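See structure below.
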Amino acid sequence: MADSNENQQGKGKEQEQEQEQYGVLLYYKYTEIPDLNSLLSFYNSNCTSLSLLGRVRLSLHGVNVTVGGKLSSLEKHIEAVKAISLFEGTDFKLASCHFPLNDKVAHECGFTSLSIRIVKELVTFSPYPLVKAPDVSNAGRHLSAVEFHSALQSAGKLVDKESLADDKGLVLLDARNLYETRIGKFDMPNVDTLDPGIRQYSDLPSWIDDNSEQLRGKNVLMYCTGGIRCEMASAYIRSKGAGFENVFQLFGGIQRYLEQFPDGGFFKGKNFVFDHRISVGSSDTNILGTCLLCGLSFDDYSSRCRCSYCRMLVLVCDSCRKEEAVYACELCQKHGKVIESNVAENGEQQDILPQVELKTISSDTILSPQLHGEQGARPPRKLRILCLHGFRQNASGFKGRTASLAKKLKNIAELVFVDAPHELPFIYQSCVSELECSDESSFSSQQILPPTETCRGKFAWLIAPDSKGSSATDWKKADSPFDPLQYLQQTEGFDVSLSYLKTVFSRDGPFDGILGFSQGAAMAALLCAQKREAKR
């Protein structure tokens with residue numbers, strides 16, 4: 001009887017926990033962190049004790065946090081963070097939502113574990129060092145959701161004393177990626193709206209550089225999901241100097257705007273978010289996105305379909321979606337990549353990736369949403385990747401070790417393997433105990449023998465100056481134990497390898513890329529350096 005009561009109490013507690021509301025918390029703060037290790041310890045301890053899952057990124061310049069858990073736990077976390085003086089004035093965006101139901105989406109968004117990392121940048125603004133890195137303290141002025149709405153409504157005036165200059169045009173700039181703007185964006189008649197159409201945030205600086213004349217002398221209103229991307233991007237625009245001073249950003253991003261205007265206001269569609277919710281909409285149920293293939297209204301990314309070329313998320317409706325299908329996003333279509341259709345022996349249509357790249361399509365070319373069955377496409381050609389093995393290895397062994405990778409890439413790439421030109425002698429190692437044996441007679445009596453199985457030749461791209469190569473198949477016992485630093489002596493043979501690879505390129509090319517492992521990777525880097533020098 002007692003056991004029965006305990007079981008009922010246990011079940012009741014589980015049901016109570018399930019009924020407790022789940023939530024997602026987003027916040028960021030740009031501030032100088034004096035003791036990064038101490039802050040790391042705080043997040044490890046606090047988030048673990050509260051069973052929070054998600055991403056925490058720390059840098060010397062601030063924090064960027066997206067975590068999920070029980071609402072009560074998230075509220076406790078907020079109070080603990082507020083107690084740290086560094087976080088004064090932080091905007092904590094807390095939203096209640098359902099518990100992550102789709103394991104695939106939750107895993108992809110990082111909501112099946114807790115990831116706390118120290119990074120160089122809170123958000124990667126550029127894949128390469130900028131000539132003039134933006135200073136976030138020079139970011140555009142924050143506008144509240146009401147101010148932002150009012151500025152769009154009046155297309156020229158703010159609600160407070162500081163107003164947009166009447167003689168300047170108003171430009172609305174979306175700082176998000178293409179897959180986000182597909183399903184939701186601000187739309188205001190008579191206001192120029194710029195959608196960079198980028199794959200990732202780190203592409204934005206290049207777009208700003210290429211389109212700076214559209215921003216020069218204008219009042220630029222920027223927005224993103226929660227605000228953090230606008231901080232760096234607005235500072236970058238303002239760093240360009242005269243003509244780029246009037247940059248404003250939506251404080252709290254689209255999330256705060258939709259909280260202030262539940263009907264959507266001037267924002268149409270849904271706000272893409274980087275957690276298991278996928279997107280958040282307003283009371284306006286109109287769908288902005290369309291299926292990549294049939295063009296019908298669709299804005300659900302839960303299937304996580306991706307472009308087969310660049311891996312960017314694409315929208316494919318339930319009717320068009322097939323297992324193992326291949327897709328080309330709008331940007332890849334624009335650059336000549338299309339999907340061709342073949343009819344299999346069983347009569348079913350099969351989509352394949354093209355194996356050649358078509359000529360670049362003009363930026364003003366209208367792209368059809370229906371890719372399947374396109375006419376006039378060239379015969380397919382896969383990408384050809386030349387693979388260079390490591391020291392004392394061979395093409396056969398490298399091919400075996402990369403079999404899994406080759407299988408993953410079989411629809412888009414062909415891996416080509418070659419042996420290096422320098423053949424090495426067959427060497428086998430005695431065990432350590434034998435090498436350290438002091439009794440020579442005992443040592444020889446053990447009759448240490450080389451491997452008996454037939455082995456393929458071993459090759460290298462770079463060799464030691466005293467290397468004599470190999471012209472025989474006899475095994476030799478190593479003079480000393482394996483030296484992990486032997487690569488430091490492998491400084492000869494580059495010219496021979498370079499000449500050999502020129503022959504390979506001429507005989508087996510062309511190649512679209514090079515994949516190298518260990519010494520093969522070093523050889524690939526040297527080839528790239530040679531190509532760069534030849535262009536100077």
Side-chain angles (χ1 to χ4, degrees), residues 127 199 305-312 314 323-329 331-332 335-342 344 350-358 377-424 453-463 487 490 493-532 534:
R199 285 189 177 90
C305 292
R306 292 183 178 274
C307 173
S308 301
Y309 292 99
C310 66
R311 306 305 299 161
M312 181 169 67
V314 292
E323 286 189 19
E324 299 186 2
V326 290
Y327 310 107
C329 70
L331 297 181
C332 286
H335 290 88
K337 295 180 172 67
V338 296
I339 303 296
E340 297 177 11
S341 296
N342 279 355
Q350 293 182 331
D351 299 328
I352 61 173
L353 284 172
Q355 297 167 5
V356 294
E357 185 170 318
L358 306 181
R378 295 183 185 181
R381 181 183 73 80
K382 293 181 179 181
L383 293 173
R384 303 187 76 246
I385 310 298
L386 178 62
C387 301
L388 310 182
H389 61 74
F391 179 75
R392 199 175 287 284
Q393 297 179 4
N394 53 43
S396 177
F398 195 26
K399 184 177 181 179
R401 290 181 175 88
T402 56
S404 178
L405 174 64
K407 185 177 180 181
K408 293 282 187 182
L409 300 178
K410 65 180 180 180
N411 290 326
I412 62 173
E414 173 191 1
L415 304 186
V416 180
F417 300 84
V418 294
D419 288 322
H422 301 286
E423 188 170 3
L424 302 176
E453 65 271 16
T454 302
C455 295
R456 293 180 180 271
K458 305 296 182 181
F459 304 88
W461 301 100
L462 303 171
I463 55 177
Y487 69 89
Q490 295 157 7
F494 173 71
D495 290 339
V496 173
S497 292
L498 181 60
S499 177
Y500 167 71
L501 286 174
K502 286 181 179 178
T503 302
V504 171
F505 272 82
S506 176
R507 182 190 67 207
D508 302 327
F511 297 104
D512 300 289
I514 304 176
L515 170 66
F517 171 75
S518 190
Q519 194 184 81
M523 191 65 197
L526 290 170
L527 284 175
C528 293
Q530 286 278 321
K531 183 178 180 181
R532 185 172 63 249

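Throughout, residue positions are numbered sequentially from 1 according to the sequence presented. These numbers were taken from a predicted model, which means no experiment stands behind them.
- The minimum heavy-atom distance linking Asp419 with Tyr500 is given by the pair O-OH, 2.7 Å.
- No side-chain heavy atom of Tyr309 sits under 4.5 Å from any side-chain heavy atom of Leu331.
- The CD1 atom of Ile463 lies 7.5 Å from the CG atom of Leu424; values are rounded to the nearest 0.5 Å.
- Panel note: side chain His389, backbone Ala420; a donor-acceptor pair is recorded below 3.5 Å.
- With contacts defined as side-chain heavy-atom distances shorter than 4.5 Å, the pair Phe517/Gln393 qualifies.
- Interatomic distance, CH2 of Trp461 versus NE2 of His422, reported as 9.0 Å (0.5 Å rounding).
- Looking at Gln519, its side chain does come within 3.5 Å of a backbone N or O of Leu462 through a donor-acceptor pair.
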Self-check item: Leu526 and Leu498: CA distance, side-chain angles, deciding distance, side-chain contact (heavy atoms from CB on, under 4.5 Å) verdict
Solution: CA-CA 9 Å; Leu526 290 170; Leu498 181 60; over 6 Å; no
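- Nearest heavy-atom pair across Arg384 and Val416 is NH2-CG2, 3.5 Å.
- Counting heavy atoms from C-beta outward, Phe391 and Lys458 have side chains that stay 4.5 Å or more apart.
- We find the CG-CZ distance between Asn394 and Phe417 to be 11.0 Å, quoted to the nearest 0.5 Å.
- For the atom pair CZ of Arg401 and OG of Ser396, the computed distance is 9.5 Å after rounding to the nearest 0.5 Å.
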Quiz item: Going through the checks in order, is the side-chain contact (heavy atoms from CB on, under 4.5 Å) test met by Arg199 and Cys332?
Solution: CA-CA 10 Å; Arg199 285 189 177 90; Cys332 286; 3.3 Å; yes
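- One finds the CD1 atom of Ile514 at 4.0 Å from the CZ atom of Phe505 (value rounded to the nearest 0.5 Å).
- Closest approach of Ala413 and Ile385 over heavy atoms only: CB-CG1, 4.4 Å.
- If you take CD on Glu414 and SG on Cys387, they are separated by 9.5 Å, rounding to the nearest 0.5 Å.
- Under the 4.5 Å side-chain criterion, counting only non-hydrogen atoms from C-beta, Glu324 is not in contact with Asn411.
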Quiz item: For Asp508 and Thr503, what are the C-alpha separation, side-chain angles and deciding distance, and is it a side-chain contact (heavy atoms from CB on, under 4.5 Å)?
Solution: CA-CA 8 Å; Asp508 302 327; Thr503 302; over 6 Å; no
Quiz item: side-chain contact (heavy atoms from CB on, under 4.5 Å) between Leu405 and Leu515: does it pass, once the steps are laid out?
Solution: CA-CA 12 Å; Leu405 174 64; Leu515 170 66; 4.0 Å; yes
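- The minimum heavy-atom distance linking Pro421 with Ser497 is given by the pair CG-OG, 3.4 Å.
- Ser308 and Ala325 get closest at one heavy-atom pair: OG-O, 4.4 Å.
- The two atoms that bring Ala406 and Leu415 nearest to each other are CB-CD1, 3.8 Å, heavy atoms only.
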